[in-house]
Amino acid sequence: MKSFSLDKDTISIGRSPDNNIVIDEESVSTTHARIDLVPNQLMDGLIDIFIEDLGSTNGTFVNHVPVKRQQLQNFDYIRIAFTAFKLVADNKAKLAKTTVILPDK
């Protein structure tokens, strides 16, 4: 199982090696989606996490629902084309330390 720390404000996901998270699958667009870590407007020190589909052909799904832009919650099931993963947030770190887990191929 692979995991990726979300340690930047913006994380790109796609097939191109230029992305922060590379998914080597033909059904994944070159730059498929983006994850944004945004300071919460109401609670100082908390981070809100959003995923946005960047016009991909095969879509981005959160908990089996196609999304264009969606706020993510701990343990959300995310699917990029045909690759699925789960968002796992360290609540003690107020979502500042976050990991995306992709299954091994």
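As a basis for the values below, the full set of heavy atoms in this structure was taken, side chains included, without hydrogen atoms, waters or symmetry mates. In this text, all values refer to a predicted model and were calculated from it rather than measured experimentally.
- Side-chain N or O atoms of Asp76 include none that pairs as donor or acceptor with a backbone N or O of Val62 at under 3.5 Å.
- Counting only distance, with no hydrogens or angles, the side chain of Asn40 and the backbone of Asp48 share no donor-acceptor pair below 3.5 Å.
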Practice item. Decide yes or no on side chain to side chain contact (heavy atoms under 4.5 Å, CB included) for Ile78 and Val67, but give the supporting numbers first. Key: CA-CA 10 Å; Ile78 301 156; Val67 299; over 6 Å; no

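- Checking side-chain atoms of Arg34 against main-chain N and O of Glu52 turns up no donor-acceptor pair under 3.5 Å.
- The distance from the CZ atom of Arg79 to the NE2 atom of His64 is 8.5 Å, given to the nearest 0.5 Å.
- The line from CD of Gln71 to CZ of Phe50 is 4.0 Å long, rounded to the nearest 0.5 Å.
- For the atom pair CG of Leu72 and CD1 of Ile49, the computed distance is 6.5 Å after rounding to the nearest 0.5 Å.
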Point to revise | Evaluation steps, side chain to side chain contact (heavy atoms under 4.5 Å, CB included), between Asp36 and Arg69 | key: CA-CA 10 Å; Asp36 295 314; Arg69 183 168 171 86; 3.0 Å; yes

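- Nearest heavy atoms, Ile11 versus Leu6: CG1-CD2, 3.7 Å.
- Formation of a donor-acceptor pair under 3.5 Å by the Asn19 side chain with backbone atoms of Thr30 is found in this model.
- The minimum heavy-atom distance linking Gly59 with His32 is given by the pair O-NE2, 2.8 Å.
- In this structure, the side chain of Glu25 engages the main chain of Phe82 through a donor-acceptor pair within 3.5 Å.
- Taking every heavy atom of both residues into account, Ala81 and Val28 meet most closely at CB-CG2, 3.9 Å.
- Phe85 and Leu37 fall within a single hydrophobic cluster, where Ile, Leu, Val, Met, Phe, Trp and Tyr are joined by side-chain heavy atoms under 4.5 Å apart, directly or via other members.
- Taken together through direct or relayed side-chain contacts under 4.5 Å among Ile, Leu, Val, Met, Phe, Trp and Tyr, Phe4 and Ile51 form part of one hydrophobic cluster.
- A distance of 4.5 Å separates CD1 of Ile80 from CD1 of Ile13, quoted to the nearest 0.5 Å.
- The heavy-atom pair separating Tyr77 from Ala84 by the smallest distance is OH-CB, 3.3 Å.
- In terms of heavy atoms, Leu87 sits closest to Gln73 at CD2-O, 3.4 Å.
- Contact between Ala33 and Thr60 at its shortest, heavy atoms only, is CB-OG1, 3.9 Å.
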